[in-house]
Amino acid sequence: MKVEQISVFLENKPGVLEEVMKALKEANINIRTLSLADTSDFGILRLIVNDVTATSTILKARGFRVSRTTVVAVEVPDRPGGLHSILEALGGEAINIEYLYAFVEKSGENAVIIFRYDNPDRAIEVLQKKGFSVLSGEKLYSM
Amino acid sequence: MIYNEEFETLPREALEALQFKRLQQVVLRVYHTVGFYRKAFDDAGVKPEDVKSLADLKRLPFTTKQDLRDNYPFGMFAVPMSSVVRLHASSGTTGRATVVGYTKRDIEHWSELMARCFVAAGLTKNDIIHNAYGYGLFTGGLGAHYGAERLGASVIPISGGNTKRQIMILQDFGPTAICCTPSYALNLAEQGQAMGVDMRSLKLRVGVFGAEPWSDKMRNQIEDVLDIQAMNIYGLSEVMGPGVAMECTEGRQGMHIFEDHFLAEIINPLTGEVLPPGEEGELVFTTLTKEAFPLVRYRTRDVTRLIHDPCRCGRSHVRMDRVMGRSDDMLIIRGVNVFPSQIEAVLVGIDGLEPHYQLLVDREGTLDTLEVQVEVREEAFANADEVKVLQRTERRIVKDLKDYLGISAKVKLVEPKSLQRFEGKASRVIDKRKI
């Protein structure tokens, strides 16, 4: 039930993000969601895309440092307390969140939260046991 | 293996006697044939007859790069042009070029010394040598070429540049040895890998690298990516070209200076005083056999030390350590002396970094600033999509630079292949200070 995410190392200089997006556009890659972490001189672009392998190949060929990391996508109803319910479920399990980002599904009913856990297997086990909808990669990529 | 066993293993006493005899001849000859030396000796109040032992060498005046420039192009030649069979010149990137000349006998000596180098690196006439040093005014290409032919090896005179073609020839001709600058060796390996070539499976087994300072760690890396034994060679066009000193496979620690042809001293670059054996300072050469372009106490600006311990290879010639840097390339960052090669040594000691880096020196107000830009390695990023991991690498570099070199630097991780690649000598310092 894990999801693959593409991470790209970007130098903090004008035009770099555009270059990545241009490559994806030319290869007809669609982005489900993304987040951009920045520091004073570099950033990390994280992407959930419809074709992980193609994206990785294309960006590597253009000389970008690309990594594929495992994240967990959890679906919750889009209403107050949605994210809290997940965090509450994991409370006391000693599972650490490295980062997260989210988007709202097209239907507008549910939100999907992308988590990077230090122990994804354990997180999935706990969440599923407590009745959360953990999305598979296939489902997420084709959303 | 030793190419010229008689001269390379000459006992110290006999070697010094030979050096002294040759030194007397050189001093006498330059005094009477080169106006510059006559004036310099007269100004210093010494006569050729004052050289009564090797210890009297220190009474003679130094010769500097500036002296060579002042006598551009042929003012330092000690023979008429009719005796000169070859001219070379330095790149002149930091000023006017310096021109050097060779007689037929000089070329013969040079070829022999380069052949000695190849043999010290473990090569024989059965080897095929891919010579990627530049051919032309630069001494590297032709110097190595003549040495390889003297040895009887097969030379591929590929020269520098055109990297894709070089990789094709490395695959198709199957050379067993390569000569180039260490940074170009890495450049070749990188481009070869990018072209999908397994650079470790080539027939190459030995690399003879020189013409720029490099570190032991860079050597390990080259040996790893090309699966070869990387050997260090030293030379400079003013003194002769490549082949002034060479590492041996037996010792692999320091390069034997061919003392039957060159006298080496280590001096304090600030005071000019000769330093005690083993101390680090500026290397100074006096040529003992050169006819067209003899040099007396030439200041190389290269900083190193001499190793007087006997070497297990059996050569009696003194060794010089890896060149730490150049006394004029030395960066002074807030009063701390540092060589780019030292920074490189710190960087290659940290996992996840490419040996491609650039140093930006600037001045903010009255303070010197140093920014180290270094490329992130593929494997390192593969398990580091978190900001904290990359920041940890940055902090580690900052800390190591501080701990090992005592300098405070700003560190910037940059994208792969974003820094300039060098096909000849790497120049990694951009000094924007306006002093």
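Hydrogens, waters and symmetry mates are skipped; everything else that's a heavy atom, side chains included, is used. Naming convention: chains lettered A, B, ... in sequence-line order (proteins, then strands); numbering from 1 in each chain.
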Using a 6.0 Å cut-off, check whether atom CG of A:Asn28 has over 12 heavy atoms from anything other than its own residue. no

Give a yes or no on this: more than 12 heavy atoms of other residues, nucleotides or ligands lie within 6.0 Å of atom CD of A:Glu109. no

Using heavy-atom distances under 4.5 Å, tell me whether A:Val16 contacts chain B through its side chain, its backbone, both, or neither. side chain

Is B:Glu415 reaching over with its side chain to a backbone N or O of A:Glu11, donor-acceptor style, under 3.5 angstrom? yes

Enter the distance from B:Gln391:CD to A:Asp41:CG here, rounded to the nearest 0.5 Å. 8.5 Å

Check the pair A:Glu98, B:Lys388 against salt bridge (Lys or Arg N to Asp or Glu O under 4.0 Å), reporting the backbone distance first and the verdict last. CA-CA 10 Å; A:Glu98 304 286 357; B:Lys388 65 181 178 193; 2.6 Å; yes

Shortest non-hydrogen contact from B:Val387 toward A:Phe42: O-CZ, 4.2 Å

If one checks every heavy atom of A:Phe9 against chain B at 4.5 Å, the contacting part turns out to be both

Please determine whether the number of non-hydrogen atoms from other residues, nucleotides or ligands lying under 6.0 Å from atom NZ of B:Lys203 exceeds 12. no

